[in-house]
Student: 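Dropping the structure in here first, questions after.
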Amino acid sequence: MTPYSLAYTLHVLPALIWVGGMFFAWMILRPAAVSELDAPARLKLWPEVFRRFFQWVWVAVVLLPISGIGLLHMRFAGVETAPAYVHVMMGLYLVMLALFLRVQLLQLPQLRRAVEVRDWTAGGAALGRIRRLVGFNLLIGLALVAIAAARPVF
């Protein structure tokens, strides 16, 4: 395996885990939980789902910029010579990171507190805010993957 292929693999896999995990949660797990679990059971489920998933997102958050900078220097000899789509990808990563941190640091603690005290109304509101942020992050992630695959020339 060449250094470039190793860096590329270490870049694609975390992106796949992060974006794919959001797609699974939004399109598969959430509708199944809504159809099969009552509201308190759903609200108890999600903090554990997020705890497990966010461990992997943190791995992605660390590996993506490290592998991305490596790829940038191996392929384009630095930021200044990289094409515009690479700059767009870096910017979208920062937006996705900010949304993830908002969920992790601001919204998730509210959900956990509501579940601990069995305040299902507050828990539902917190989960709704998380769902919207994750949905927005999923759309950005899918756009980022499409840009990476298409490598458009602007």
Side-chain angles (χ1 to χ4, degrees), residues 1-34 42-43 45-115 122-154:
M1 180 176 277
T2 66
Y4 184 84
S5 63
L6 176 61
Y8 191 73
T9 299
L10 291 175
H11 197 67
V12 170
L13 288 178
L16 176 68
I17 290 167
W18 190 359
V19 176
M22 288 187 298
F23 184 88
F24 174 78
W26 183 268
M27 301 300 292
I28 311 300
L29 182 58
R30 181 183 171 273
V34 167
R42 280 195 313 271
L43 290 171
L45 171 72
W46 281 106
E48 182 63 15
V49 167
F50 290 130
R51 184 188 68 77
R52 291 169 184 258
F53 178 54
F54 287 176
Q55 291 172 349
W56 289 101
V57 174
W58 278 111
V59 171
V61 161
V62 170
L63 283 178
L64 283 167
I66 292 170
S67 59
I69 294 297
L71 289 168
L72 189 70
H73 287 285
M74 285 187 260
R75 178 120 188 242
F76 303 112
V79 175
E80 58 282 345
T81 60
Y85 77 86
V86 173
H87 294 266
V88 170
M89 289 171 55
M90 290 187 302
L92 291 176
Y93 164 82
L94 292 173
V95 172
M96 288 183 68
L97 175 60
L99 289 171
F100 165 66
L101 290 173
R102 181 177 175 112
V103 170
Q104 174 81 57
L105 301 174
L106 299 176
Q107 304 302 321
L108 190 54
Q110 292 176 8
L111 175 61
R112 286 187 183 128
R113 279 191 299 278
V115 169
L127 186 57
R129 287 188 296 275
I130 291 170
R131 180 178 52 84
R132 284 187 294 281
L133 290 168
V134 170
F136 189 55
N137 225 8
L138 172 59
L139 290 174
I140 294 167
L142 291 172
L144 202 155
V145 168
I147 290 167
R151 299 179 179 155
V153 178
F154 310 132

Student: May I ask you to test the Val79-His87 pair for a side-chain heavy-atom distance under 4.5 Å?
Tutor: yes
Student: Do the non-hydrogen side-chain atoms of Leu139 and Trp26 ever get within less than 4.5 Å of each other?
Tutor: no
Student: Determine whether more than 12 heavy atoms belonging to other residues, nucleotides or ligands lie under 6.0 Å from atom CZ of Phe54.
Tutor: yes
Student: Please give me the minimum heavy-atom distance between Pro14 and Thr9, naming the atom from each residue.
Tutor: CD-O, 4.1 Å
Student: I would like to know whether Trp46 and Leu29 meet side-chain contact (heavy atoms from CB on, under 4.5 Å); could you show each step before the answer?
Tutor: CA-CA 10 Å; Trp46 281 106; Leu29 182 58; 3.7 Å; yes
Student: Quick check for you: to the nearest 0.5 Å, what is the distance between Leu63 atom CG and Leu13 atom CG?
Tutor: 9.5 Å
Student: Please round to the nearest 0.5 Å and tell me the distance separating atom CD of Gln107 and atom CG of Leu105.
Tutor: 10.5 Å
Student: Using every non-hydrogen atom in the two residues, find where Pro109 and Val103 come nearest and quote the distance to one decimal.
Tutor: CD-O, 4.2 Å
Student: So, taking the atom named NE2 in His11 and the one named CG in Leu6, what distance separates them when rounded to the nearest 0.5 Å?
Tutor: 13.0 Å
Student: Taking all heavy atoms of Met96 and all of Ile140, pick out the closest pair and write down the distance.
Tutor: CG-CG2, 3.5 Å
Student: Can you confirm whether Arg102 is buried at CZ, in the sense that more than 12 heavy atoms of other residues, nucleotides or ligands lie under 6.0 Å from that atom?
Tutor: no
Student: Please find the pair of heavy atoms, one from Ser67 and one from Ala7, that lie closest to each other, and give the distance.
Tutor: CB-O, 3.6 Å
Student: If you measure from CG on Leu101 to CG on Leu133, what distance do you get to the nearest 0.5 Å?
Tutor: 11.5 Å
Student: When rounded to the nearest 0.5 angstrom, what is the spacing between CG in Leu99 and CG in Leu138?
Tutor: 11.5 Å
Student: Counting only heavy atoms not in Met74, do more than 12 sit closer than 6.0 Å to its CE atom?
Tutor: yes
Student: Hey, does Asn137 have a side-chain heavy atom less than 4.5 Å from the side chain of Trp18?
Tutor: yes
Student: Do you know which two heavy atoms are closest between Leu72 and Ala82, and how far apart they sit?
Tutor: CD1-CB, 3.4 Å
Student: Is Leu92 close to Ile147 at the side-chain level, that is, under 4.5 Å between some pair of heavy atoms?
Tutor: yes
Student: Check Phe136, Phe53, Trp58 against Phe100 for a ring pair (Phe, Tyr, Trp, His ring centres under 6.0 Å) and give me the one that passes.
Tutor: Trp58
Student: Determine the minimum heavy-atom distance between Ala25 and Pro31, stating which atoms define it.
Tutor: O-CD, 4.5 Å
Student: Could you check if a side-chain atom of Val86 sits within less than 4.5 angstrom of a side-chain atom of Arg75, using non-hydrogen atoms only?
Tutor: no
Student: Rounded to the nearest 0.5 Å, how far does CD1 of Ile130 lie from CG of Leu106?
Tutor: 10.0 Å
Student: Sub-3.5 Å donor-acceptor pair from the side chain of Tyr93 to the main-chain atoms of Val61, do we have one?
Tutor: yes
